[in-house]
Amino acid sequence: MKLAILSESPADEAALRVLVEYVLGRPFDTLPLSLRARGWPSVEQVLPPIVRHLHFQTEADGLVVVVDSDDSVVHTPAHEAPGYHHPFCRICRLRHAFRRTVKNLPPRRQVSPNAAPAGPGEARVLRAIGLAVPAIEAWYLCGRDTSITEAAWLDGQASGRPPYTRRELKWRVYGTDRPTLPFEVKRAVQEVSRHRGDVRRLENDFPAGFGSLARDLRDWLAG
Ligand SMILES: [Zn+2]
């Protein structure tokens, strides 16, 4: 399988390579991105040209996209209604942007008649979209700090008293809120590697944001 991973920083993308492999249960090749994004809304803005590049210029099977929710609306099952998308939910917005982009793309050319059997994305690039609530450091702390869950964050949004801030999450992961990139990558990969072979804890504690990503990836395998 050939995948591209688009997130908010190279450290996030390093951690996601590990997590995506755990969910898929198989190794894959990572394709370089044609454009970089730094945070929201830049990810949403670069998504259409990245999808077109992957479709026309590569043999990518799929694109994985993960963004932080920050203070935005968290995706819920109610958003899954056919034809609906929540205007402020980042999962809904990214899915909508992806759908709009692929809708009018022509089928891919067969690169070579003798090419090896193509992957699941032969005709089109598949998508897997996740949302880290409120930031990807929450995923890094999953299983180590049981107070950090989507449910805790949603309770905080409802009551107006957030259980933790994004800055606090960074302190808990890196010991600073301004880590160097190499240290950020090292800590991110260290923490997500605790979920080797079993991502159920992440799916349980982050059912909307991580759960959506995992379900999309498993749909690829189901073909
Ligand atoms: Zn949504």
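Order of listing sets the numbers, starting from 1, for every ligand and every atom in it. Just so you know, these numbers come straight off a predicted model, no measurement behind them. Note that the numbering runs from 1 along the sequence shown for the chain.
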Item to check | Pairwise ring pair (Phe, Tyr, Trp, His ring centres under 6.0 Å) hits with a residue in residues 158-194, at least two apart | outcome: Trp153-Tyr164
Checklist entry - Where is the tightest heavy-atom contact between Leu47 and Leu63, given as atom of each residue plus distance? => result CD1-CD2, 3.6 Å
Next on the checklist: Any salt bridge linking Arg172 with Glu137? Criterion: basic side-chain nitrogen under 4.0 Å from a carboxylate oxygen.
Outcome noted: no
Next on the checklist: So that I can check it, does any N, O or S atom in His85 come closer than 2.8 Å to the Zn ion (ligand 1)?
Outcome noted: no
Next on the checklist: Show every ring pair (Phe, Tyr, Trp, His ring centres under 6.0 Å) that has at least one partner inside residues 6-42, sequence neighbours left out.
Outcome noted: none
Checklist entry - Is the Zn ion (ligand 1) under 2.8 Å from any N, O or S atom of His86? => result no
Next on the checklist: From the N, O or S atoms in His79, identify the one nearest to the Zn ion (ligand 1).
Outcome noted: ND1
Next on the checklist: If you consider just the N/O/S atoms, which atom of His75 is the closest one to the Zn ion (ligand 1)?
Outcome noted: ND1
